[in-house]
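Report on the following structure.
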Number of protein chains: 2
Amino acid sequence: MSDADARDARRPVRPGGGKRVTMRDVADAAGVSQPLVSIVMRDVPGASPESRAHVLEVASRLGYRRDERARMLKQGRSRLIGIVFHAAQPFHGELIDELQLAAREAGYNVSLAAVTRRRGEADAIEALLGERVEGLVLLGASLAEEELERIADEVPVVTVASQYSSARFDSVSMDDARGTELAVQHLRERGHTRILYLGAPGVSGDEVRTATFLEATTAAGLGDEVAVVAGGASEAAGAKVIEDALKHHPDATAVIAFNDRSAQGVVAQARLLGKRIPEDLAVVGFDNSEQAELPYLQLTSLAQDPAQLASTAVEMVVGRVDPTAEGEAPRTGEHRILPTKLVVRSSSGDPAPSSR
Amino acid sequence: MSDADARDARRPVRPGGGKRVTMRDVADAAGVSQPLVSIVMRDVPGASPESRAHVLEVASRLGYRRDERARMLKQGRSRLIGIVFHAAQPFHGELIDELQLAAREAGYNVSLAAVTRRRGEADAIEALLGERVEGLVLLGASLAEEELERIADEVPVVTVASQYSSARFDSVSMDDARGTELAVQHLRERGHTRILYLGAPGVSGDEVRTATFLEATTAAGLGDEVAVVAGGASEAAGAKVIEDALKHHPDATAVIAFNDRSAQGVVAQARLLGKRIPEDLAVVGFDNSEQAELPYLQLTSLAQDPAQLASTAVEMVVGRVDPTAEGEAPRTGEHRILPTKLVVRSSSGDPAPSSR
DNA sequence: TTGAAAGCGCTAACAC
DNA sequence: GTGTTAGCGCTTTCAA
């Protein structure tokens, strides 16, 4: 059996692991050296037009595809940014879209790890570290700060839409305090004084919103008329809690919900109880998600721009990975807060109230 | 500068790409050979308890973590199953959870690629192939069958919850026809004759459901009283379409919606129009998703079991990757259809109707 | 039980 | 412009 026979015999096998076409195979078939194939495949200068064309032709005929792992291994770096997201959170989908884009622009690829019911954040992060990601973007992280600091010792970390203030990793989030102020102010302008804040204890962002809600309403002299009720970040939580809350605070005329999902639960359940939205109950949510626009919701909501969140996150993590040029990567944790704005829809009253 | 100095100096650098701790480093520090470290880290026999303990101690002190890429490269296979999912689809989150579990049990890891507004399925698949996944599980794929066949030439493919019948790749989906029959039968039993099917043209599953709806209602002699209206697979689509539909078919008393999301839109919008659910309008959805259970929805829905869908998909793809044992991997496309059952909630009437 | 040597598929340095 | 050589971090023979 000749060498050629052996080679031919190897290709069509494609067993378990699958012997795939390699640069060697292309080089042999094209009658050139293997590194030359590399040059052609990377599309860098150093090959004549003829060789280039020939190699490309052979490669495509053989169905060659570059092995990214080998490439990363040789290069000594992965140019990979790990993204940890929650599979059940539609807003994370929007963020992923933007993150992929921003990463690609910065010359990086992304690797995804999902947090699900049965797979925690720590697990997801471990998997990503095993792939040698060079940076980590964590969406809605809720691990202990010390945990994240331990991880940040290995690789730059930036959390998105979480509340951390560590000196060892970065974060980017919306301005929860300002957003809450805007919501309170908006409702007051429309004459509401008996306002409920329906929080989500333990979920990132809730602490700040709760504190600000109390401050803002107290400052406005509404201390006795408002209340904070503990709910959650889902439609079900919103629905469940509003029902109770309306029993204990039957004269409430407005609700600020932790996010659009819980706001949706509030609206639907309140309607079922005979309340008209917004005449009997005004509702404001957070996120300005796609569902805020639904015709039957038309939810007033505090907007955070996913594109800005994403590009900021990528910029921060890449800044630490690549201490480029004058490269002043901050040596201490940076915590950026992005502006938010109130998007007014009909769930909080007439779109254009002339008099309050 | 001694060797030890050089080694020490190397570690804390962690520049751009990040010089990470390698087996060599651990071996040097522990005073053993590098392959011995490999043996210890893989937890295979071949090292004395003392060496093992010592190596593990040194490894953890140095913060060693195995490089999965190098491992895969050397082993000649990745033991990776690629999963393409739609980031905006919460149901895919449930599937991912189950798929990860099933894959792990079969000795595989998963690699995720998200389809988003700006990243198509073809792109996502390409990325996964570059990582040398050994099989592909596509959730809600909508590529042309020929496209998928081209891909299936490279690596085993199984689609989940899509309608394909190719001889070159596999699929697993719920029994859309049976589900539709169950829905129609259920509504008829409750006395409904003027039934609408609110479809989602172009979305996988819709064709079969539409056809079956027409067959089943025609067979029941309802040909003139039913109608198919074109909608979509989102809350917004459901809301928009039901409003129109109720104008053209004001006497309709029941709706079968393409999925729970569009059903939710139908319920919310119909209520806003003064309809009571289920008294004025009974609603049935597909998926039996988490939202079907929401207190204000209580949606009757056709259940597909994500765990079963996932384990079947993994089993099929692994079966082709590993033609193990007596290894009778089917040489032609296999298309499994999983049973579905109707979960009755109050959106389609009184939970326990004594008389119809 | 341990070590030495080879090589996975690729890129980078240097020779020709 | 092209080939040769070397080596990324790991697993896998094979010797000792």
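Just so it is clear: chains get the letters A, B, ... in the order the sequence lines come, proteins before strands, and each one is counted from 1. Every value quoted in this text rests on a predicted model; they were computed, and no experiment measured them.
Mapping A:Arg52 and B:Pro35 onto DNA chain D by nearest heavy atom places A:Arg52 closer to the 5' end of the strand.
Considering only side-chain atoms of A:Leu73, the nucleotide from C:dC10, D:dG9, D:dT2 that sits closest is D:dG9. Closest to the side chain of B:Ser48, from the set D:dT2, D:dT12, C:dT2, is C:dT2. For A:Leu36, taking side-chain heavy atoms from C-beta onward, the closest of the listed nucleotides C:dT1, D:dG3, D:dT11 is D:dG3. Set against D:dT11, C:dT11, C:dG9, the side chain of B:Arg42 has D:dT11 as its closest nucleotide.
Looking at A:Arg69 and B:Glu68, no side-chain N of the basic residue comes within less than 4.0 Å of a carboxylate O on the acidic one, giving no salt bridge. For B:Arg168 and B:Asp153, the salt-bridge test passes: some basic side-chain N is under 4.0 Å from an acidic carboxylate O. Salt-bridge check for B:Arg320 with B:Asp170: passed, with a basic side-chain N closer than 4.0 Å to an acidic carboxylate O.
Side-chain atoms of B:Lys74 and base atoms of C:dG7 include a donor and an acceptor less than 3.5 Å apart.
Nucleic acid contact for A:Ser38: base, since at least one base atom lies under 4.0 Å from a heavy atom of the residue. Within the 4.0 angstrom heavy-atom criterion, only backbone atoms of the sugar-phosphate kind lie near A:Arg66; the bases stay farther away.
Between A:Phe169 and A:His335, the ring planes are perpendicular. Angles over 60° get that label, and only those under 30° would be called parallel.
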